[in-house]
Engineer: 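Here you go, one structure.
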Amino acid sequence: MLRIGIGNDTHRLVEGRPLMLGGVHVAFARGGEGHSDADALLHAIADAILGALCEGDIGIHFPNNDPQWKDAESLQLLSRVVWLARERGLQVVNVDATIMLEAPQLRPYVFSMRENISEVLGVEHSCVSVKAKTGEGLDAVGQGLAVSAQAVVLLES
Ligand SMILES: [Zn+2]
């Protein structure tokens, strides 16, 4: 059996917060505002897996009013979601994701992000694609006010 899921996540960029993407600390003056570490990439991937399982979204599984998830590492949230998929007898085949961020350049960080994600998902490095784009100076991403990410995940039994 094959299952496909899509995920989407956005966080406002604010001063005094680390910018976490794919479990990597990106050097920047601002970071994602949020209850957890606000890792938009990992949240999009977790949502895509939950979508493939028809299990709602991360807001249901990790409520932002639950102190347990305050400043939680999103790699841990993702690993909980992967565990849920395994419970259903499903394994990740591949992930394709895009980060939308105006600055800084993410290319130097992408390899480490793919490494973190493939480790948690239990797949080869070559099964995790992470792309980075800017908002071309348009909309909230383009104006440097937000970071967002999209992901598609394929699972098989
Ligand atoms: Zn998020």
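Counting convention: from 1, in listed order, for ligands and their atoms alike.
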Engineer: What pairs with Phe111 under ring-ring contact (aromatic ring centres under 6.0 Å, His included), at least two apart in sequence or on another chain?
Structural biologist: His125
Engineer: Can a salt bridge be assigned to the pair Asp37 and Arg17 using a cut-off of 4.0 Å between side-chain N and carboxylate O?
Structural biologist: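 No.
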Engineer: Let's go through Met20 and Val26 carefully: what are the C-alpha distance in whole Å and the side-chain angles of both, what is the deciding distance for side chain to side chain contact (heavy atoms under 4.5 Å, CB included) to 0.1 Å, and is it a yes or a no?
Structural biologist: CA-CA 6 Å; Met20 296 299 297; Val26 174; over 6 Å; no
Engineer: Please determine if Glu55 and Arg88 form a salt bridge, counting it only when a charged side-chain N lies under 4.0 Å from a carboxylate O.
Structural biologist: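 Yes, this pair counts.
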Engineer: Kindly say whether Asp9 contributes a backbone atom to a donor-acceptor pair with the side chain of His43 at under 3.5 angstrom?
Structural biologist: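 No: the side chain of His43 does not pair with the backbone of Asp9.
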Engineer: Please report the closest heavy-atom contact between Leu121 and Gln91, naming both atoms and the distance.
Structural biologist: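 Result for this residue pair: O-NE2, 3.8 Å.
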Engineer: Show all protein N/O/S atoms under 2.8 Å from the Zn ion (ligand 1), or state that there are none.
Structural biologist: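 Atoms qualifying: Asp9 OD2, His11 NE2, His43 ND1.
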